[in-house]
Amino acid sequence: MTTISSRSLRPPRRGIRSASRSLFTAGTVALVLVSGTAGALAQPSTTPAAPTPSGNPESASVQQAPAPVDPCATPTTTAPTTTTMAPPTTTTTTAVPTPSCTTVPAVPPAATSTTIPAPAAQAPAVAPAPAPESPTPAPEPAPALADAPTPAEPSAVEPVEPENDDLSSKTAEPDPDWAPTEDPNATVVPGEMRSDREEIPAPFTKEDADKAETMEARQRMSRAAAGCQTYWPSPYEVCGVIRDKYNSLGGPGSFLSFPNSPEYTNPDGYGKRTQFLNGPIYWSAATGAHPVVNSFLNRWGVHRYEAGFLRYPTTDEIVHSNGVGRHQEFQGGAIYVAFQNAVGSAIGGVIRDKWNSAGGYAGPLGYPSSDELPVNKNNGRYNNFVNGTITWSQPTGARLLFGAVRDVWARDGREDGHFGYPLSDELVSSDGIGHWVRFESGDYIYSTVVTGAWRVPWKVFQIWEHLGNELGALGYPTALPRFSPAPGIDLRQLFQRGEVTIGSDGYAYYRHY
């Protein structure tokens with residue numbers, strides 16, 4: 001690569017003319033004028049102030065090729081298009097000191113004796129956006145249990161049973177042959193109780209069973225107790241809508257098995273619950289009565305049950321048609337459980353809307369592999385999925401990254417690293433082969449299966465862009481940029497068919513092999 005002093009070059013004022021076809025011959029050195037700045041302001045977003053549920057998922061949108069960036073115009077988040085450029089002919093280019101903002105010529109200058117000022121030393125910072133406030137749902141009134149709505153229909157199949165016993169709430173087998181006591185005794189009569197004739201299932205004792213039989217007798221004689229039911233040998237009543245739901249699932253013959261607690265009022269003073277050997281049924285006037293068991297119960301508990309962002313369940317478990325997973329809806333989101341993630345993942349709000357718009361669990365991201373998690377920068381949040389990530393902040397919105405690009409970004413610190421938040425979803429290059437994303441820092445990540453995924457600093461990108469990006473002379477990047485690799489060189493990056501160099505003398509060079 002030939003280095004030429006700027007003092008020896010003073011092109012005529014008429015500027016750039018057509019370039020020579022010798023630009024793309026092996027070993028030719030050329031230099032490209034680039035802007036001294038790179039626009040990287042966050043895109044204005046209409047995303048809700050906090051990732052709370054936002055209704056029906058929006059339909060998937062087709063990503064279009066991005067428009068070119070003018071660094072002197074008001075920056076936006078629209079990334080530049082990769083375009084094919086005709087081979088240029090001869091060029092005479094004016095050597096200009098680095099200005100604060102210079103418009104880059106549309107045709108790349110090239111000649112064996114040309115020097116062009118390099119981009120300015122830094123890209124402009126993104127103005128921080130005010131932190132979004134998480135709306136707190138208004139407290140609901142506490143209605144009387146007698147006013148509860150009719151319970152929803154139960155799920156057609158039983159909940160998933162994780163292989164790991166620590167994730168299962170199952171402690172007892174159902175009793176499919178269970179039946180009420182035919183002629184219960186109102187008082188304990190030694191030798192004449194049901195417990196004297198039948199085996200008592202664990203964990204109940206004879207005292208429990210005899211008490212349950214006397215409770216059955218009193219319920220049959222008392223109209224006041226008509227809203228409750230006892231299930232021998234459990235000495236606990238199940239009442240109201242929770243009882244109706246329990247009976248609709250099969251009572252002691254269901255996956256819940258026997259009741260093992262009275263009906264509790266939840267800490268919010270509003271909802272109710274009854275515990276069963278294999279999990280609870282929760283009720284609220286707004287959501288009805290629904291069982292929550294196994295991985296769903298464990299994951300819901302991690303998020304503080306009804307006191308957390310998920311709040312009350314609104315459905316039973318819903319089985320997916322792919323036969324791989326299922327999910328359960330809550331007021332504030334949903335929990336997904338699948339073969340790939342038996343512990344379950346909680347997801348909600350705008351991130352879930354974005355995932356649904358990309359096809360949900362049946363789309364390219366697959367099932368969630370983490371809960372929705374917070375980050376420090378701009379009070380953002382993200383969810384990991386089997387094949388990628390969705391990250392959200394108020395100024396940038398919800399953005400989708402897939403495997404290789406996501407991995408490069410994650411290794412550099414994700415949102416809190418050099419790149420910052422992505423300013424677009426992951427997009428497909430003009431040749432239909434590569435993928436790329438632009439970030440808050442002004443830098444890009446470009447990826448192909450053949451060349452790998454690599455960071456392209458914004459200084460290098462502006463030169464590469466004016467050579468036609470991946471469709472131009474250099475092709476795709478093939479290595480990480482190297483900073484100060486040799487005396488007199490600030491930055492160098494290799495491509496499939498050449499390299500770009502930023503010199504310490506303030507000029508940028510490229511070479512095509």
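Scored by the ring-ring contact (aromatic ring centres under 6.0 Å, His included) test, Y305 finds W300 as partners (sequence neighbours excluded). D371 is linked by a salt bridge (charged side-chain N to carboxylate O under 4.0 Å, His left out) to R299, counting only residues two or more places apart in sequence or in another chain. Under the side chain to side chain contact (heavy atoms under 4.5 Å, CB included) criterion, D208 pairs with F204, T205, P235, not counting sequence neighbours. Under the rule for a salt bridge (charged side-chain N to carboxylate O under 4.0 Å, His left out), the partners of R455 that lie at least two apart in sequence or sit in another chain are D443. Looking at residues two or more places apart in sequence or on another chain, you find a ring-ring contact (aromatic ring centres under 6.0 Å, His included) between Y246 and Y231, F276. With sequence neighbours excluded, no residue satisfies ring-ring contact (aromatic ring centres under 6.0 Å, His included) with H435.
With no hydrogens or angles considered, no side-chain donor-acceptor pair links Y510 and H466 at under 3.5 Å. Checking Y312 against D268 by side-chain atom types alone, a donor-acceptor pair falls below 3.5 Å. Looking only at atom types and distance, the side chain of E415 has no donor-acceptor partner in the side chain of S393 under 3.5 Å away.
Nearest heavy atoms, S430 versus L471: CB-CD1, 3.8 Å.
Of the residues listed (I351, I347, N384), the one engaging I390 in a side-chain contact (heavy atoms from CB on, under 4.5 Å) is I351, and it is the only one.
Classification of the W355-Y336 ring pair by plane angle, with boundaries at 30° and 60°, yields perpendicular. Classified by interplanar angle (parallel below 30°, tilted 30° to 60°, perpendicular above 60°), the ring pair W464/F461 is perpendicular.
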| message | Between R326 and E317, is the salt bridge (charged side-chain N to carboxylate O under 4.0 Å, His left out) condition met? List the steps. | response | CA-CA 7 Å; R326 59 187 69 203; E317 293 177 25; 3.5 Å; yes

